[in-house]
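Written out below as structure tokens is the structure these notes cover.
Below, chain A is the first sequence line, B the second, and so on; all start at residue 1.
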Amino acid sequence: MVRHEIEKAIQHALEGMGAGDIAFVVERPGSMEHGDYATNAALAAAKVLKKNPREVAAELQNALGTIEGIEKTEIAGAGFINFWLSNEALADVVRAAHEEGWGTNELYIGKKVLVEYTSPNLFKPLHIGNLVGNIVGESVARLFEASGADVKRLNYPSDIGLTIAKGVWGLQNGNLNAEDIAQLGKAYVAGNEAYESGEAKEKIEEINRALYAGSNAEWSALREKGIATSLKHLHALLARLGTQGFDKEFFESESGPLGARIVRGEVGKVFEESEGAVVYKGEHTRVFLNSQGLPTYEAKEVGLFQLKSEAYPSFDISITVTGKEQTDFFRIVFDALRKLFPGKTDGKDLLHIPTSFLKLTTGKMSSRLGNVITGESLLAEVTEVARNREDVAVGALKYTVLKQGSGKDISFDPEKSLSLEGDSGPYVQYALVRTRSLLRQSAEAKIVEKEFSNIELPRLMLHFPDAVARAAGELEPHHVVTYLTELAAAFNSWYAQERLIVDGEVSDAALFFVQAIEHTLAKGLDVLGIPTPQEM
RNA sequence: GCUCCUGUGGUGAAAUGGAUAUCACGGCUGGCUUCGAACCAGCUGUUCCAGGUUCGAGUCCUGGCGGGAGCACCA
């Protein structure tokens, strides 16, 4: 890596100038006019040396000597030093893009990372929020993998509780088939209505208690059947979204009782009793066991953590992806977990990734679908706009979710996200498709040995691994999205001006170059979990 | 009320304390006998306000104002 060579040279030069311990960065400059890399080292050193920054820059520039791969350096602005790669170094970038490990880094090498995401309510259709969590979680998992980590994908479905009881009531009352996903959905809706209206509130609560206790064979059987149907359907839908199978699924029916037992054993130590409930007093008080002695969401997290650390005792980082409204909740729960399991949490990272709300902006869609927008109906709607291409629809959806930093709400307009013009998943997919189309057609052309040179695109490709590394380090996939859009735009612009295949002949060097772009776009999309179509 | 998040062109976003704040949409203008027009080329800004820290602030700090979320037995 040329960047490391630059860093080494600067460090060495600074030591010679008596400023060896200052912090500096070598980064991508804001504009390509400022070279391929820039450093603020002289600005930082000037402060320590109490000298004029531009003088320090000149001194530093002289002290750098020759750096492999660097053709030119220049002092600019307040005292930046800009670096330009040599043509040979840029050719190396194109070559590197053909290698297996292109775009990977070693940020998390040797680390075991647990990523829990999606976490649906079984019996209920996958909700838009679940969809967002799935998209973010999958990309984060892939970013960790690209950074050398051993990733375990985890799912934590809710398989017991009021939702399930409503569904079981609906199944029984309507005599519906628990093995049919459509009928299962109807059963939940019916149960929910009956509960809300008061028509069967007591009955459903009775079912709920019986399911927890396992005291009614018929109800329990309906529950089991419904769960199996629901899970199967869930896995099929997630596969369509490009989620690789989960390594493990933990269920609330396991985590609840386990968590309750652990919490009960720690009353008077980590937890205390208050108004008949068992609470944890952290930043503020949270209830872990309610006054009936039943585990709340909090205690279930305790059980879940126990299950996770039994399955993967040597994990280094444990991540939970959920809606951002749970941020505060997780802060306190993680705090409690550290007190509860010091041996299992010391030196480990427990992280929560908050996901944004997806706000649909078209009236058309919400009116057609009503208030409840399921992940599946959204996907169907977007697919229709995407000329019936589900892979393009998935790309549009995922791009929209991943293109911005976490914490902000996402406005999603199915029309605009699939607009024929830029800044969308299909835009990047389209650029990729063009490279692939070029490569296909080149296969039928005569390959000739001919010079080919393009500086612009290799200068951009140079920064691909850094974009992935930064996204992985910050847990912010949008850095990759931004980068890919820029690369796709640069490629499209080049493509509009240049012809590759002329009179049935194509230059071997040009072909090699297009392959490099194809690899970069494809690997970038892949790390986001966005489909990489052959044609559109 | 307390706590956390957030405020950037008409709209949606980007910018690890750095250089002339970068893209996209919409709008206007032009481009398909051409390797794919889901594309390309061109035209349009008080970073909410006021102070402060810094060689340098959209970014950090303080105080306002606006938006969102969370604050005891739901998940």
Side-chain angles (χ1 to χ4, degrees), chain A residues 25 27-31 33-34 38 40 43-44 46-47 52-53 76-80 82 119 121 158 161-163 252 274-280 283-294 296-298 300-301 322-329 331-332 354 356-357 361 386-387 389 392 396 400 403-413 415-427 429-431 433-442 445 466 470 473-474 476 478-479 481-483 485-486 488-489 492-502 506 514 535-536:
Chain A
V25 291
E27 60 188 359
R28 182 181 170 187
S31 156
E33 288 168 26
H34 297 133
N40 64 347
L43 288 161
K47 204 185 293 186
N52 179 300
F80 295 97
N82 297 332
S119 305
N121 262 315
S158 175
L162 212 48
T163 302
E252 238 176 78
S274 170
E275 295 172 35
V278 175
V279 303
Y280 174 75
E283 254 174 81
H284 56 258
T285 305
R286 295 208 74 112
V287 173
F288 276 63
L289 297 178
N290 68 21
S291 43
Q292 290 162 51
L294 295 174
T296 60
Y297 183 37
E298 285 82 344
K300 291 174 182 172
E301 281 296 318
T322 73
K324 67 176 185 180
E325 71 282 357
Q326 293 180 24
T327 302
D328 197 48
F329 164 85
R331 207 169 25 227
I332 292 163
S356 314
F357 303 122
T361 55
R387 303 174 200 174
R389 282 289 298 267
V392 177
T400 304
K403 80 175 208 180
Q404 55 192 297
S406 57
K408 293 180 183 177
D409 289 345
I410 303 161
S411 304
F412 185 72
D413 183 331
E415 305 282 349
K416 281 206 183 123
S417 297
L418 291 163
S419 143
L420 307 191
E421 282 150 49
D423 202 17
S424 68
Y427 178 83
Q429 288 176 317
Y430 188 67
V433 162
R434 280 177 148 182
T435 63
R436 290 183 166 173
S437 173
L438 267 181
L439 296 174
R440 268 197 306 275
Q441 307 219 17
S442 298
D466 281 343
R470 187 175 168 195
E474 295 178 21
E476 288 283 10
H478 82 270
H479 290 302
V481 174
T482 306
Y483 173 82
T485 306
E486 193 184 356
N492 275 333
S493 183
W494 172 79
Y495 181 87
Q497 295 166 35
E498 302 290 329
R499 275 192 78 74
L500 190 71
I501 304 168
V502 181
V506 58
V514 172
E535 26 61 56
M536 281 166 73

Checklist entry - Between A:Asp423 and A:Lys403, is a side-chain contact (heavy atoms from CB on, under 4.5 Å) present by the stated rule, with each step listed? => result CA-CA 9 Å; A:Asp423 202 17; A:Lys403 80 175 208 180; 3.4 Å; yes
Checklist entry - Which part of the nucleic acid, if any, lies within reach of A:Gly405 when heavy atoms closer than 4.0 Å are counted: base, sugar-phosphate only, or nothing? => result sugar-phosphate
Checklist entry - Would A:Asn40 and A:Glu27 count as a side-chain contact (heavy atoms from CB on, under 4.5 Å) if you check the C-alpha gap in whole Å, the side-chain angles of each, and the deciding distance to 0.1 Å? => result CA-CA 9 Å; A:Asn40 64 347; A:Glu27 60 188 359; 5.8 Å; no
Item to check | Whole-Å P distance, B:A24 and B:A50 | outcome: 31 Å
Checklist outcome for this item: CE (A:Met536) and CZ (A:Arg436) are apart, to the nearest 0.5 Å, by 12.0 Å
Checklist outcome for this item: Which of B:A72, B:G36, B:U16 is nearest the side chain of A:Val433? It is B:G36
Next on the checklist: Show, in sequence, the C-alpha distance, side-chain angles and deciding distance for A:Thr285 and A:Ser274, and conclude whether the side-chain contact (heavy atoms from CB on, under 4.5 Å) test is met.
Outcome noted: CA-CA 10 Å; A:Thr285 305; A:Ser274 170; 5.9 Å; no
Item to check | Nucleotide forming a Watson-Crick or wobble pair with B:C2, both distances under 3.5 Å | outcome: B:G70
Checklist entry - Taking the side chain of A:Phe357 as its heavy atoms from C-beta onward, which of B:C40, B:A69, B:A75 lies nearest to it? => result B:A69
Next on the checklist: Give me the distance, rounded to whole Å, that separates B:G52 from B:A15 when you measure between the P atoms they each carry.
Outcome noted: 28 Å
Checklist entry - Looking only at atom C1', what distance separates B:A21 and B:A75, rounded to whole Å? => result 42 Å
Checklist outcome for this item: By the Watson-Crick or G-U definition, both distances under 3.5 Å, B:A57 is matched with none
Item to check | Closest to side chain of A:Pro426, choosing from B:A38, B:A75, B:C40 | outcome: B:A38
Item to check | B:G70 OP1/OP2 closer than 4.0 Å to side-chain N/O of A:Lys324 | outcome: no
Checklist entry - Choosing from B:C55, B:A24, B:U16, which nucleotide comes nearest the side chain of A:Lys47? => result B:C55
Checklist outcome for this item: Whichever of A:Leu500 and A:His478 has the more 5' nearest nucleotide on RNA chain B, that residue is A:His478
Checklist entry - Between B:G36, B:A75, B:G12, which nucleotide gets closest to the side-chain atoms of A:Glu252? => result B:A75
Write down the protein N/O and nucleotide N/O pairs, taken from nucleotides 58-61 of chain B, whose separation is under 3.5 Å; answer none if there are no such pairs.
none

Next on the checklist: Whole angstroms only, please: what is the CD1-C1' distance between A:Ile410 and B:C5?
Outcome noted: 15 Å
Next on the checklist: Classify the ring geometry of A:Phe329 against A:Tyr297: parallel below 30°, tilted from 30° to 60°, perpendicular beyond 60°.
Outcome noted: parallel
Item to check | Atom-pair distance (CD on A:Glu298; P on B:A75), nearest Å | outcome: 8 Å
Checklist outcome for this item: The Watson-Crick or G-U wobble partner of B:C28, with both key distances under 3.5 Å, is B:G42
Item to check | Distance in angstrom units between A:Glu325 CD and B:C4 C1', rounded | outcome: 13 Å
Item to check | Nucleotide nearest A:Arg387 (side chain, heavy atoms from C-beta), chosen from B:G70, B:A69, B:A38 | outcome: B:A38
Polar atom pairs between nucleotides 17-21 of chain B and protein, under 3.5 Å, N or O only, would you list them?
{"unit_1": "B:A19", "atom_1": "N6", "unit_2": "A:Asn82", "atom_2": "OD1", "d": "3.0"}
{"unit_1": "B:A19", "atom_1": "N1", "unit_2": "A:Asn82", "atom_2": "OD1", "d": "3.1"}
{"unit_1": "B:A19", "atom_1": "N1", "unit_2": "A:Asn82", "atom_2": "ND2", "d": "3.1"}

Checklist entry - Quick one: is A:Gln326 getting a side-chain N or O under 4.0 Å of the B:A69 phosphate, OP1 or OP2? => result no
Checklist entry - P atom, B:G51 versus B:G10: distance in rounded Å? => result 23 Å
Next on the checklist: Less than 4.5 Å apart, side chain to side chain, heavy atoms only: is that true for A:Ile410 and A:Gln404?
Outcome noted: yes
Item to check | Phosphate contact (B:C40 OP1 or OP2) by A:Tyr427 side-chain N/O below 4.0 Å | outcome: yes
Next on the checklist: Less than 4.5 Å apart, side chain to side chain, heavy atoms only: is that true for A:Arg389 and A:Glu535?
Outcome noted: yes
Checklist entry - In whole Å, what is the span from the CD1 atom of A:Ile332 to the P atom of B:A72? => result 10 Å
Item to check | Identified pairing partner of B:G63, criterion: Watson-Crick or G-U wobble below 3.5 Å | outcome: B:C49
Checklist outcome for this item: B:U16 -> Watson-Crick or G-U wobble partner, both distances under 3.5 Å, gives none
Next on the checklist: Could you tell me how far apart A:Glu275 (CD) and B:A72 (P) are, to the nearest whole angstrom?
Outcome noted: 11 Å
Item to check | B:G9 versus B:C71 - spacing of their C1' atoms, nearest Å | outcome: 37 Å
Checklist entry - Closer than 4.0 Å, any side-chain N/O of A:Arg434 to the OP1 or OP2 of B:A37? => result yes
Next on the checklist: Do A:Ile332 and A:His284 have side chains that approach each other closer than 4.5 Å (heavy atoms only, starting at C-beta)?
Outcome noted: yes
Next on the checklist: Under the criterion side-chain contact (heavy atoms from CB on, under 4.5 Å), I'd like the reasoning laid out for A:Arg434 against A:Tyr495: C-alpha separation, chi angles, the key distance, then a yes or no.
Outcome noted: CA-CA 9 Å; A:Arg434 280 177 148 182; A:Tyr495 181 87; 3.5 Å; yes
Item to check | Whole-angstrom distance between B:C4 and B:A13, as gauged at atom P | outcome: 24 Å
Item to check | Torsion-based syn/anti label for B:C32, 90° from 0 as limit | outcome: syn
Checklist entry - Just to confirm, is there a sub-4.0 Å distance from OP1 or OP2 of B:A41 to any side-chain nitrogen or oxygen of A:Ser493? => result yes
Checklist entry - Expressed in angstrom and rounded to an integer, what is the separation of A:Gln404 atom CD from B:U11 atom P? => result 15 Å
Checklist entry - A:Tyr495 has an atom OH; how far is it from atom P of B:G36, in whole Å? => result 5 Å
Next on the checklist: Please determine whether a side-chain nitrogen or oxygen atom of A:Thr327 lies at a distance below 4.0 Å from atom OP1 or OP2 of B:C4.
Outcome noted: no
Checklist entry - Hey, does A:Glu535 reach any base, or is it just sugar-phosphate, or nothing, if we go heavy atoms under 4.0 Å? => result base
Checklist entry - If we take the C1' atom in both B:A69 and B:U62, what is their distance in whole Å? => result 24 Å
Item to check | From A:Arg470, A:His478, A:Arg28, residue fulfilling side chain to side chain contact (heavy atoms under 4.5 Å, CB included) relative to A:Tyr483 | outcome: A:Arg28
Next on the checklist: Both distances below 3.5 Å, Watson-Crick or wobble geometry, any strand: find the nucleotide opposite B:G36.
Outcome noted: none
Checklist outcome for this item: With the side chain defined as heavy atoms from C-beta on, A:Arg331 is closest, among B:C4, B:G36, B:C40, to B:C4
Next on the checklist: Output the rounded distance in Å from NE2 (A:His479) to P (B:A13).
Outcome noted: 16 Å
Checklist entry - Of A:Thr285 and A:Phe329, whose closest RNA chain B nucleotide lies nearer the 5' terminus? => result A:Thr285
Checklist entry - Where is the tightest heavy-atom contact between A:Tyr427 and A:Ala488, given as atom of each residue plus distance? => result CE2-CB, 3.7 Å
Item to check | Presence of donor-acceptor pair under 3.5 Å, side chain of A:Thr485 and base of B:A14 | outcome: no
Next on the checklist: When the C1' atoms of B:U8 and B:G66 are compared, how many Å lie between them, rounded to an integer?
Outcome noted: 15 Å
Next on the checklist: Regarding A:Ser274, tell me which of base, sugar-phosphate or nothing describes its non-hydrogen contacts under 4.0 Å with the strands shown.
Outcome noted: base
Checklist entry - For B:A75, does either OP1 or OP2 sit under 4.0 Å from a side-chain N or O belonging to A:Tyr297? => result no
